[in-house]
Amino acid sequence: MPTYKLTYFKARGVAEFARLLFAAGGLEYEDVRVEGEQWQQLKPKTPMGQLPILEVDGAMICQSKAIGRLIAKKIGMAGKTDLEAARADMITDGLEDLIGLKMSFFFTEKDENKKEEKKKEFVEKILPSALDLFEKLASAEGYFVGNSLTWADVNFFSLFNGFINRFIPGDHLKNHVNLNKVMGNVSSNPGIAKWLKERPETQF
Ligand SMILES: N[C@@H](CCC(=O)N[C@@H](CS)C(=O)NCC(=O)O)C(=O)O
């Protein structure tokens with residue numbers, strides 16, 4: 001069994017997704033959380049100057065989705081066929097568009113008034129229409145791919161449970177039956193349920 005060391009900041013952020021997958025698969029890993037000077041010393045040694053990084057037997061991988069895909073393959077949650085794997089990638093890339101592109105103003109917009117306007121548009125228009133799309137992509141049993149949990153479901157959960165709940169709390173999924181089932185399927189996975197109870201509290 002390879003040794004895994006996941007390094008990120010003292011936050012859930014974009015690394016929580018990997019932690020959830022490790023929990024789902026019951027894989028042992030070292031959960032390293034750096035800050036300040038420690039990060040400044042580590043940064044030049046990372047492949048792209050950013051965290052998270054995952055070291056697998058000492059080999060370093062960055063980019064949270066590449067890390068997630070690798071763990072998903074290891075734990076049998078990447079899709080059972082090439083087509084299922086592509087569908088899981090499709091969901092993951094779609095979620096990245098929603099968060100990476102359409103929510104980037106949360107970090108980049110300095111003008112508070114403009115930020116409020118963009119937030120309003122995101123909550124009232126962009127998010128509901130994206131959720132309507134994702135609702136149709138999820139099955140009535142609450143899976144984006146096939147009939148069992150994949151990393152696409154975990155990614156959706158991670159996004160809602162983390163990023164969206166923190167920045168724009170609210171019952172955004174109240175009209176989305178299938179998506180609520182996805183949330184339930186992920187949170188009731190035994191490894192994930194345990195991690196959700198014991199994980200450290202962080203600001204982000
Ligand atoms: N696309 C990358 C984004 C990684 C990223 O933005 N990392 C930020 C923290 S969330 C970072 O390392 N910031 C510190 C820095 O750039 O010095 C991923 O998904 O892993």
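Every number for a ligand or one of its atoms is a count from 1 in the order of the listing. What you see below is based on every heavy atom in this structure, not just the backbone, and it leaves out hydrogens, waters and symmetry mates.
Proximity of the aromatic rings of Phe107 and Phe163 is defined here by a centroid distance below 6.0 angstrom, and this criterion is met.
The pair Glu96-Lys102 fails the salt-bridge criterion, with no side-chain N (NZ, NE, NH1 or NH2) lying under 4.0 Å from an Asp/Glu carboxylate O. Between Asp93 and Lys65, no side-chain nitrogen of the basic residue sits less than 4.0 Å from a carboxylate oxygen of the acidic one, so the salt-bridge criterion is not met.
For the pair Asp153 and Met77, the minimum side-chain heavy-atom distance is 4.5 Å or more.
Scanning Lys43, Gln50, Met48 for the heavy atom closest to atom 15 (C) of ligand 1 points to Lys43.
Only the side chain of Tyr8 comes within contact range of ligand 1, with a heavy atom under 4.0 Å; no backbone atom does. With a 4.0 Å cut-off on non-hydrogen atoms, Lys65 does not touch ligand 1 at all.
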Lys120/Glu124 under salt bridge (charged side-chain N to carboxylate O under 4.0 Å, His left out): CA gap, chis, key distance, verdict: CA-CA 6 Å; Lys120 190 170 172 345; Glu124 290 176 6; 3.2 Å; yes
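The protein heavy atom nearest to atom 8 (C) of ligand 1 is Leu51 O, 3.7 Å. Scanning all protein heavy atoms for the shortest distance to atom 19 (O) of ligand 1 gives Ser64 OG, 2.6 Å. Looking only at protein heavy atoms, the nearest one to atom 2 (C) of ligand 1 is Gln63 OE1, 3.0 Å. Here the protein heavy atom with the shortest distance to atom 11 (C) of ligand 1 is Phe9 CE1, 3.8 Å.
Around atom CD of Glu198, more than 12 heavy atoms belonging to other residues, nucleotides or ligands sit under 6.0 Å away.
Near Pro52, meaning under 4.0 Å from any of its heavy atoms, are these atoms of ligand 1: 20 (O).
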